[in-house]
Structure formats: C-alpha cells, structure tokens
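Worksheet: one structure, shown below.
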Amino acid sequence: MKERQSLMTEQERVPIQAYKRMKEIMTTYYGIAKMSEGTDQKIAWITSGGPVEILYAAGIIPIYPENHAAMCGATRIADELCAAAEERGFSRDLCSYARTDFGSIYTKKSPVPGGLPKPDLLVCCNNICDTVTKWYQELQRIFDVPLIYIDAPYQYGDDRPEAIDYVKAQLEAMIQSVGEIVGRPIDRDKLDETLEISERAAALWREIQGMLAHRPAPMNSFDTFIHLAPIVTLRGTELCIEYYELLRDEIRQRIEAGIASVPGETFRLGWDNLAIWYKIKELSEKFAAYKTALVVSTYPEGFCYQAPEHLRDPNDRLRTMAATYMGGYINHGLDYRERDLLRMVKQFHLDGFVMHSNRSCRAYSFGQYELAKALMEKHDIPTLMIEADMNDSRAWSDEQVKTRIEAFIETLAARRN
Amino acid sequence: MTTTRFSEVAACQAAAAEGYGAARAAANAGRKVAGFMCSYAPQELFHAAGYLPVRILGREGGATLADEIIQPYACSFARSALDSALANEFDFLRLAVFSHTCDTMQNVADLWRRNRPEMAVIVVSVPTQTEGAPARTFFRRELQRVRQAVEALAGPVADDALWDSIRLYQKHRAAMRRLYEVRRTHPGVISGSEMLAVVTASFFMEKQAHLELITRLADAVAACPEDTPGPRPAVLVAGSVCQNADFIKAIEESGCAVVDDDLCMGSRSFSLPDPPDGDPLESLAEIYLARTPCPAFHKPGFDAAQHMLDRARAAQADGVVFLLTKFCDPWFFDYPYISRTLEAAEMPTLLLEVEQHLPAPAQLRTRVEAFAEMLRGRVASWA
Amino acid sequence: MGVKPCFAGVDVGSATTKAVLVDADGAVLAHALLPSGGNLAAAADAVVAKALADAGLARDAIAALISTGYGRENVAGRLKAVTEITCHARGAHALNPGVRAVIDIGGQDSKAIALDAKGMVKKFEMNDKCAAGTGRFLEVMARTLDVDLAAIGPLALTADAPARISSTCTVFAESEVISLLAKGESVPRILAGLCAAITQRVYALASRVGMAPVLMMTGGVAKNSGVVRGIEQAAGMPVVIPEEPQTVGALGAALYARDAAENKNTIQ
C-alpha cells in the first residue's frame with residue numbers, strides 16, 4: 001500500500017473558489033438579519049425542512065437555528081454552548097443542535113455577533129425529525145411568540161394521499177396565520193414565484209451533486225456539507241440560484257480540467273447522516289490521505305428533495321408543495337432508505353458507505369445498523385460505522401475513529417485485489 | 001409480591017407477575033392476540049376485531065440481540081422490547097401495533113417489521129399536532145385505513161361491534177379514573193406499588209375482567225375510612241413507561257408515599273374523554289387527540305407544567321419525582337421547564353434517570369431518601 | 001465513672017470511611033479516616049475505634065451513632081442512617097452558617113446541594129452513573145500520567161494554559177491523554193485540561209441547583225487546587241474549603257446523632 005502511494009504523483013488539492021463568495025453571502029445574510037432585529041422587519045425561526053416560501057411571500061426573514069448550530073460546531077464553540085444548556089437542566093443526551101442553540105440564547109455567544117436576532121414567529125415542520133417539536137416548544141416558552149407547526153407524517157411506504165392532503169390543509173392554515181401576523185394577506189402569485197425559485201435552486205443543487213458521479217470526483221461530500229448553507233438558508237431567493245450557478249460552473253470547469261477533489265482518487269464512498277462539524281477538515285484530509293473521496297451523502301441530498309412526478313399536480317400548486325414538504329430520505333422508512341442508498345451506490349460508483357452513527361440524532365441514526373447489514377448481506381457493499389455526534393465533540397475519540405477508518409480502507413483495498 | 005388487604009389487588013399482582021402467560025395460553029387456545037407498544041394504539045379497533053390486546057413491554061436483563069440492530073443510545077424500553085421480539089418471546093402475537101410518537105418508536109416499528117417478517121405489523125400514524133380540523137380529518141382517515149388493515153387480517157368489523165368495544169374501554173377508563181380519585185383520600189390504604197400492579201394487569205387482562213376487578217376495588221377502597229400517608233412525604237411520580245415495579249417499590253421503601261402518578265404506564269393511559277356519539281372512527285379520533293398528550297406531541301395551549309402542578313396539588317403531594325428513562329427525549333426536553341415551574345410554585349422535584357431493563361440502582365435509593373429527608377424538613381418546618 | 005457522652009457520625013464512602021465524634025455542645029472531639037476496602041462494616045468499626053482512641057474514649061462513651069454515605073446501611077450500632085446529602089448540608093452549615101451551596105466530589109459520587117439559612121437542603125443533584133466528574137476520573141488519569149494524586153492540583157496550576165481534553169468519558173479521555181503525551185504536550189497542561197474537564201462536568205450539576213455564596217467544597221477532590229480554581233472561575237465566587245473537607249458528612253451525621261439523643265431537630 002505504502003509503495004503504491006509513493007508511486008503516485010503527489011498533487012496539491014485545489015480548493016473550490018466559490019467558497020469565498022459563499023462566505024460573503026452568508027455573512028451578508030446574517031448581517032442583514034441581525035440589523036433587522038428590533039425594527040419593523042419581521043423575523044421567523046424555522047426548521048431546515050420548513051415551508052419557507054410562505055415566509056418570503058410575506059416579506060419575513062427566515063433564520064435557521066440548525067444552520068446556526070452547525071456554524072457553532074464548525075467554529076468549535078458548540079461544546080461550551082451545550083454545557084451552558086446542560087447547566088440549565090437539559091440532559092446531555094438531547095440533540096446537540098438544540099443544546100447548542102439554547103446555550104447560544106443564554107450566553108449570547110455565537111459566530112453571529114450578539115447571537116441570532118430574536119424571532120417574531122416560529123415555524124416548525126417535523127419532516128426532518130420529531131425532536132424539532134420539542135425544541136420549538138422550548139423556543140416558544142423562551143420567546144413567547146406564535147409557533148406555527150406543520151406535521152408531515154412519517155411514511156413507511158409510498159406517500160399516502162391523506163397525509164399529503166393533511167399537509168396541504170396545514171399549509172393553507174399557515175398562509176392564513178402568516179397573513180394575519182404581517183397584517184395583510186399573502187400574495188399568492190408571489191408565493192408561486194417563490195416556490196418556482198426554490199425548485200430551480202433545488203434542481204441546481206441536485207445537478208451539482210450529480211456531477212460528483214464523475215470519476216475522479218471534482219468535489220467531495222465534505223465540500224458539499226459546507227456548500228449546502230445557501231440551499232438551507234436562502235432557498236426561495238434569487239441569490240441562492242446565482243450562487244449555485246457560480247458553483248456549478250466551477251465544478252464543470254474542474255471536470256473539464258480534470259481536477260480531482262482527491263488527487264489519485266482510488267476509492268469512492270458515500271456518507272450517511274449529518275456532518276461531524278468540528279472534524280470536517282480533519283476527516284476530509286484523513287480520507288484524502290488514503291486517496292478516498294466521499295462523493296455522495298444522504299444529508300445534502302435531503303435539500304434537493306422535490307415531490308416526485310406522480311405526486312405533482314400542475315393545477316394544484318399547494319398540493320405539490322405539500323408533497324414536497326412530506327420530505328425525502330429522513331421522513332421515510334427503512335425500505336425507502338435502503339432503495340435510496342442503493343441508487344447512490346450505482347449512480348456514484350461507490351465502493352462502500354460511511355455511516356455516522358450520530359449519538360444525539362435518533363431519527364437519522366436508528367436503522368443504520370439494519371441498513372448496513374442489508375447493504376452487506378444483500379448487495380455486498382461494506383459500511384464503516386463512525387460513532388460520533390454532529391456537534392458535541394465530547395463524545396469523540398480521535399484514536400478510535402482513526403483506527404476504524406484505516407482498517408476500513410485496508411478492507412476496501414483487500415476487496416479490490 | 002407484597003401483601004395486600006384487597007383480593008382484587010392480589011389478582012392484579014398475580015396477573016402482572018404472570019405477564020404474558022395468560023395471553024400465551026389464550027393464543028394457544030386459538031385466541032388472536034395483538035401486542036401494542038404505546039397508549040396511543042386505538043385498542044378498541046383491535047378488540048372489536050376479536051383480538052386480545054396486550055401491551056408490549058420489555059423485561060429485565062440484557063439486550064444483546066437488540067444491540068445488533070439498534071444503537072446503545074436508544075432508550076432501554078425500546079431496546080428491551082426489541083430484544084424480546086428478536087428472542088422470539090412474542091411468538092404468541094399475531095399482530096404488533098405501533099403508534100407514531102417519538103423518533104425512537106418510529107424506527108423501532110420498522111426494525112421490528114423487518115426482523116420479524118412473519119408477524120403482521122400496523123403502524124398507526126397519530127398526528128403529532130393534536131389540535132384543529134386538519135389533524136382530526138387526517139386521523140379519521142388514518143383510522144379508516146387501520147380498520148381496513150385489521151379487517152384484512154381478521155375479517156369485517158361491524159360498527160356495532162366497534163361501538164361495543166368503544167363503550168367497554170370508556171367504562172374501563174372511567175373506572176380507572178375513579179380508582180385514582182378514591183385513592184387520593186386513601187393514600188395509606190392502597191400504595192403506589194399496588195396501583196402499578198393494577199395498571200400493569202390492565203395491559204395483560206381481558207378488559208371486561210379487569211373492569212370488574214377495579215370496580216369492586218374502587219368500592220372497597222372508598223368504603224375504608226379516609227386516611228393520610230402518615231409521616232412519609234407524599235409524592236407524585238411522573239414519566240413515561242415504568243415496566244419495572246422495582247422503581248416504585250424503591251421509592252416507597254426509601255421513605256416516600258407514592259400517592260398519584262402522571263405516568264404513561266399509569267394515569268395518562270386513562271385520561272381520555274368520553275367518546276361523542278356518531279361515527280365510531282370520528283369518535284375514536286376525537287378522544288385520542290383530546291387526551292392528555294404524550295410529550296412527543298404538540299398540543300397548542302397545553303401547559304405541561306401547569307397540568308402536572310394541578311395534578312400534584314389535587315393529590316396533596318409534597319413533591320414530584322420524575323422517573324425518566326434515559327434517552328427519552330420528549331420528557332427530557334420538557335423536564336427543565338416543568339421542574340423549574342413546579343419549584344417556583346413551592347413543589348419540590350427530584351429527577352431519577354432509570355434504565356427500564358435494569359434494577360433500581362443503589363444511588364436511586366440515596367436520592368429518594370435524601371429527597372424524603374428534605375421534604376420532611378419542609379413539612380416539619382424546622383425552627 | 002461519669003464519662004461525658006459523645007456522639008458519633010460515620011460516613012462510609014466508596015473509597016474512604018470517615019468518623020467524627022462530637023460532644024454535647026457539638027464541638028469536635030476527634031476525627032478519623034481509613035480506606036473503605038472490601039468490608040464496609042469492618043471499616044466502619046475500625047474508623048470509629050480509631051477516633052475513640054484519638055479522643056481517649058471508650059466505645060460505651062458513644063451515646064448515639066448515625067451513619068451516612070454509600071455504605072450507611074452496613075454500620076453496626078447505628079441509631080439510624082441518614083443520607084450524605086442531608087449530612088453534608090448539616091456539616092457545612094455547622095462549619096460556616098453562611099454556607100448556601102455545597103459541592104462535594106467524592107470517589108464515586110459528586111453532588112451539589114443548595115441549602116437555606118438553617119442548613120436545610122433546598123435542592124440537590126447527583127452525578128449520573130458515569131465516572132466522569134468524580135474522584136475516580138482523576139485517579140485513573142493520575143495513574144495514566146504516573147503522577148501522585150495529591151500532586152495533580154499544584155502541577156496543574158503551573159500550566160500556562162490547559163490542554164484541550166474534549167471527551168468527558170473516562171475511557172475516551174484516557175486515550176486522549178495518551179495521544180496528547182505522544183504529541184509532546186506537557187504534563188501540567190494535560191493535568192490542567194483534566195481539571196477543566198471535571199470542573200465543567202461538576203459545574204453543570206452545581207448550576208442546576210443554583211450557586212450562591214458562601215460556596216463550600218467538600219470531599220477528597222476539594223484538596224485538588226486545580227479543580228477548586230476551576231470551580232471558582234466557573235461560579236465567579238470564591239470557594240471555601242474546610243480544614244478537613246473529607247469529614248464534613250461525618251460531622252453532619254455526628255451532629256444529627258447529638259440532636260437525636262437530645263430529641264430535637266431530628267430527621268424522622
């Protein structure tokens with residue numbers, strides 16, 4: 001193995017240029033939101049899978065506590081913030097995103113100077129997990145502002161029509177309530193327009209991820225974790241489209257120029273579950289050192305989910321929207337997940353999967369052992385399980401993870417020979 | 001088994017200790033038995049279809065089989081029940097019924113289904129937000145789907161049969177509520193451990209038989225002279241499941257009198273309003289959504305702290321003991337708010353974090369003893 | 001011969017067993033400590049004998065004995081057993097009536113207690129079953145680093161900054177310590193990092209009961225100046241350490257024994 005590595009030309013990794021633009025966009029986004037605090041401009045806190053288009057149509061600025069928590073993780077202040085939440089009685093077993101954000105509210109410590117701007121409204125959609133239900137109930141107790149709740153029933157099989165009708169009815173109610181909150185009815189044309197912008201952004205994001213099927217991959221999953229910030233926070237804006245066009249063009253150029261994200265790409269893996277925010281750089285380097293590229297992830301894929309063709313109704317925009325907000329991978333059962341993982345294996349020419357068993361994210365993690373077993377037994381796809389947490393580094397063991405990664409790649413090499 | 005002055009309690013203790021023995025015997029005799037995991041299962045539907053509904057519980061002991069399919073950070077109730085299923089201890093069930101509540105149960109249902117393919121599985125999609133017309137319409141349609149699924153397994157369920165079951169369950173819940181009510185004025189007559197046995201027996205026994213027992217028991221308790229818990233401080237125990245009788249026993253042996261509960265495996269299972277007339281499924285949808293909500297749900301306007309404070313005060317409790325299962329997110333999210341609110345209202349609280357498949361840890365007794373010492377200090381007003 | 005009666009408190013901890021004898025005025029006559037070992041009843045007997053010998057008293061001088069601590073049910077001749085929570089509060093109050101909060105870090109347990117002006121427990125918290133945040137954590141690390149347990153505090157205080165120990169799991173932290181050593185991190189900085197880790201864990205308990213001055217630390221780890229400084233910084237207030245931090249629970253038990261014998265202020 002060592003010998004083979006030394007024969008390869010050691011190439012420098014070429015960073016993604018668009019990153020600079022993304023940083024500017026994100027800084028501006030949080031800057032404008034923060035400046036709006038205490039003005040007539042209304043601000044809503046919303047879950048990452050929430051129906052944000054209604055807010056845009058009402059002129060409300062959406063803020064995503066989940067994205068904020070991830071930023072706290074990446075800047076390594078999450079542990080301290082989690083501890084602040086624990087000091088107020090929250091169990092350290094609870095979702096580390098929620099603990100991080102509670103801690104940030106209490107201490108005002110945040111990558112956004114002064115912390116997130118206070119909400120006038122909370123919007124919670126449980127299409128990503130039911131933990132957000134409890135998280136937003138607590139936010140409502142803290143801020144004493146209206147909470148709009150959208151229940152998107154978890155689907156074990158095909159999306160049931162009664163569930164889509166139910167989400168649609170709730171979206172109708174939300175349009176009504178948000179209109180009352182801003183004191184004027186929601187402009188339905190503006191809503192349709194925003195939905196269209198969202199769909200275009202989702203399509204672009206899907207296109208970009210699809211480009212990673214190219215061998216060698218022009219970008220890897222650790223990059224997509226970083227570059228998903230705009231699709232999370234700016235979905236529904238032209239700026240989001242503008243950014244992903246920029247990124248898409250750069251990735252296209254990288255493919256044309258033969259630039260590999262991991263020079264000498266030998267193995268290709270998928271990633272399941274949220275990123276490990278405090279270890280992105282280290283993990284990226286670690287896998288790259290073994291000529292291994294992570295080229296697809298169930299997590300960023302979640303943000304390009306749109307209602308499948310058979311559930312779209314061109315005459316009923318809101319029902320199509322409801323079908324989209326039923327959500328993808330993480331609002332569906334294990335059979336769906338298994339099918340989706342297999343699609344990724346084929347589409348992205350994977351040698352295996354890395355599963356982040358994410359200690360404080362039960363919705364995403366339970367079922368991973370079963371899926372790993374199915375991938376291996378039925379489809380001969382090996383899986384590496386990494387026990388960690390998305391934000392709380394106190395559950396992390398460098399040594400243990402290092403050994404597991406090395407052993408897994410040795411296995412992949414042995415399988416190939 | 002503790003001694004009891006009531007033969008009805010003794011019968012319940014025997015049923016609780018026997019566990020699935022009776023259900024297994026019934027299954028062997030040809031009865032269809034359905035297991036349900038959560039108090040949101042509309043048992044009436046399965047009862048009307050001829051099933052004997054029994055609650056799925058875990059048991060004491062390791063969960064090594066479950067460890068192969070679910071991470072150790074799943075709650076011990078889920079892991080223990082899954083372990084029993086994998087060990088084929090539920091082979092007498094024809095059907096397993098899950099309700100969509102928390103993130104853990106959502107996945108446990110799927111893991112059960114994939115690993116016990118020979119057993120029918122129905123997951124009832126209970127709306128997570130329980131208020132408003134959309135939720136009721138959806139749940140009515142969901143119950144219609146569940147009814148069809150049951151009918152596909154067990155044959156047609158007539159509306160009349162369904163109404164009979166609904167009325168029987170209504171009577172049973174009312175009788176349980178009355179028992180809880182008379183207990184408040186007789187805390188020395190019937191202990192927390194005895195009540196837990198009565199509740200646990202209700203998960204295993206035929207509904208009609210249990211109804212008769214508790215009706216007689218409530219009469220017998222009411223006929224005793226009213227009393228007080230004596231020198232022991234009175235506590236209300238709150239939480240989700242309590243499959244291990246040892247926990248309540250340990251609390252009582254450590255110097256507290258358990259006078260009421262706000263447990264899922266307790267008063268919460270019986271806190272449903274009476275069903276309105278009309279369409280039986282509409283009626284079921286109404287009562288399950290109007291009940292005291294599981295903390296996994298969102299019921300706008302429901303204040304979990306006020307609810308518990310009211311209940312504790314009504315029971316004249318000196319304090320509240322949270323008996324929470326490690327990794328039970330819905331409860332642990334609410335705990336800081338509820339305990340803070342209770343304490344601000346001069347209702348002291350104690351948190352006990354337990355694992356359902358393990359005996360009460362030694363430290364649990366120390367905590368409860370210290371809590372009892374603290375409450376006695378308050379009650380006796382040291383000066 | 002008219003021997004003046006004395007009152008005994010015995011605190012049987014997981015690592016150390018402590019005894020305190022007080023006279024009818026509550027003044028301390030003697031105290032003693034012994035390792036608990038495997039036989040808790042024997043340890044309790046021995047430590048009482050040691051304290052009696054120290055005070056020059058015979059066994060029958062003890063008018064009442066109250067036991068406390070993890071092994072409180074193993075003590076022969078006890079009038080009754082009272083939890084270490086209640087006893088620590090009482091002992092701390094006797095030593096300093098201004099005390100409103102106690103943090104006790106023992107070998108196996110850590111606890112935080114809020115008390116009122118009369119020394120009564122208002123609220124308390126204990127650690128979960130994990131060893132992090134207890135004396136055991138430091139013991140394991142001292143062995144890994146080959147440092148004397150008593151030297152941890154002073155050495156930690158010489159560090160310019162703590163090494164970052166993110167894991168609070170004892171097993172993971174141990175492997176972190178080993179890799180920090182391999183990377184050439186200095187022992188004082190690692191020790192400072194460990195003290196910070198235990199401080200954070202314990203302080204989370206403490207803030208849940210509410211910290212108010214006067215804050216007293218008791219238990220074996222109160223002798224660790226590194227942890228004490230960490231708690232002071234986290235709480236933003238000075239920490240009072242009694243002369244004998246390990247015997248505060250036993251003192252509280254002895255005072256309850258005296259009360260019980262005089263039938264006042266008794267814990268029923």
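Note on naming: letters A, B, ... go to the chains in the order of the sequence lines (proteins, then strands), and numbering restarts at 1 for each one.
- Between Phe102(A) and Phe333(B), the two ring planes are perpendicular [angle over 60°; tilted spans 30° to 60°].
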Exercise for review: Check the pair Met105(B) / Asp130(A) against side-chain contact (heavy atoms from CB on, under 4.5 Å), numbers first and verdict last.
Suggested key: CA-CA 11 Å; Met105(B) 283 306 151; Asp130(A) 274 304; over 6 Å; no
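- Using a 4.5 Å cut-off between heavy atoms, Glu172(A) does not touch chain B at all.
- Contact of Ala135(B) with chain A is made through backbone and side chain together, with heavy-atom distances under 4.5 Å.
- Salt bridge Asp110(B)/Arg337(A): absent, no basic N to carboxylate O contact under 4.0 Å.
- Aromatic pair Phe366(A)/Tyr73(B): centroids less than 6.0 angstrom apart.
- We find the OG-CH2 distance between Ser91(A) and Trp331(B) to be 14.5 Å, quoted to the nearest 0.5 Å.
- Expressed to the nearest 0.5 Å, how far NZ of Lys326(B) lies from CG of Asp93(A) amounts to 3.5 Å.
- The nearest pair of heavy atoms linking Gly89(A) to Tyr335(B) is O-CD2, 3.8 Å.
- Contact check on Asp329(B) versus Lys134(A) returns no salt bridge, with no Lys/Arg side-chain nitrogen under 4.0 Å from an Asp/Glu carboxylate oxygen.
- For a residue to count as touching a neighbouring chain, one of its non-hydrogen atoms must lie under 4.5 Å from one of that chain's; by this rule Asn358(A) touches chain B with the backbone only.
- Residues Pro134(B) and Tyr166(A) come closest through the heavy atom pair O-CD1, 3.4 Å.
- Both the backbone and the side chain of Glu162(A) come within less than 4.5 Å of a heavy atom in chain B.
- Here the closest heavy-atom approach between residue Glu370(A) and residue Leu111(B) is recorded as CB-CD2, 3.5 Å.
- Going from atom CG of Leu371(A) over to atom CZ of Arg114(B) covers 6.0 Å, rounded to the nearest 0.5 Å.
- Of the two parts of Lys373(A), only the side chain, counted from C-beta on, holds a non-hydrogen atom closer than 4.5 Å to a non-hydrogen atom of chain B.
- Within 6.0 Å of the CG atom in Asp316(A), the count of heavy atoms belonging to other residues, nucleotides or ligands exceeds 12.
- Contact of the Gln71(B) side chain with the Ser357(A) side chain is registered, since non-hydrogen atoms from C-beta on lie closer than 4.5 Å.
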Report task. Assess whether side-chain contact (heavy atoms from CB on, under 4.5 Å) is satisfied between Asp334(B) and Arg141(A), documenting all intermediate values. Result -> CA-CA 11 Å; Asp334(B) 279 349; Arg141(A) 294 191 280 247; 3.1 Å; yes
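- The backbone N or O of Gly367(A) lies less than 3.5 Å from no partner atom in the side chain of Asn107(B), so there is not a single donor-acceptor pair.
- To the nearest 0.5 Å, atoms CD (Gln155(A)) and OG (Ser125(B)) are separated by 6.5 Å.
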Legend entry - Evaluation steps, side-chain contact (heavy atoms from CB on, under 4.5 Å), between Tyr156(A) and His100(B): CA-CA 11 Å; Tyr156(A) 292 91; His100(B) 187 273; 4.1 Å; yes
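- Of the listed residues Cys124(A), Ala98(A), Ala152(A), Cys129(A), the one with more heavy-atom pairs under 4.5 angstrom with chain B than any other is Cys129(A).
- Applying a 4.5 Å heavy-atom cutoff, the residues of residues 289-298 of chain B that approach chain A are Pro295(B), Ala296(B), Phe297(B), His298(B).
- Evaluated for a side-chain hydrogen bond (donor to acceptor under 3.5 Å, both in side chains) with Asp103(B), the options Asn126(A), Thr131(A), Thr133(A) yield exactly one hit, Thr131(A).
- Interface remark: of the candidates Met385(A), Arg88(A), Arg160(A), Arg160(A) forms the most heavy-atom pairs closer than 4.5 Å to chain B.
- The choice from Ala304(B), Cys102(B), Pro330(B) that makes the most heavy-atom pairs within less than 4.5 Å of chain A is Pro330(B).
- For Glu86(A), no part lies under 4.5 angstrom from a heavy atom of chain B.
- Between Arg362(A) and Phe327(B) the shortest side-chain heavy-atom distance falls below 4.5 Å.
- No other option in Glu142(B), Arg113(B), Arg145(B), Glu68(B) has as many heavy-atom pairs under 4.5 Å with chain A as Arg145(B).
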**Asked** Stepwise, does the side-chain contact (heavy atoms from CB on, under 4.5 Å) test hold for Gln129(B) with Ile150(A)?
**Response** CA-CA 8 Å; Gln129(B) 64 120 357; Ile150(A) 306 286; over 6 Å; no
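- For the pair Lys299(B)/Tyr149(A), no side-chain contact is recorded, criterion being any heavy-atom separation below 4.5 Å from C-beta on.
- Within 6.0 Å of atom CG in Asn88(B), more than 12 heavy atoms from other residues, nucleotides or ligands are found, so the atom counts as buried in its surroundings.
- At distances below 3.5 Å, at least one donor-acceptor pair connects side-chain atoms of Asp151(A) with backbone N or O atoms of Thr128(B).
- Contacts between Ser339(B) and chain A at a heavy-atom distance below 4.5 Å are absent for every atom of the residue.
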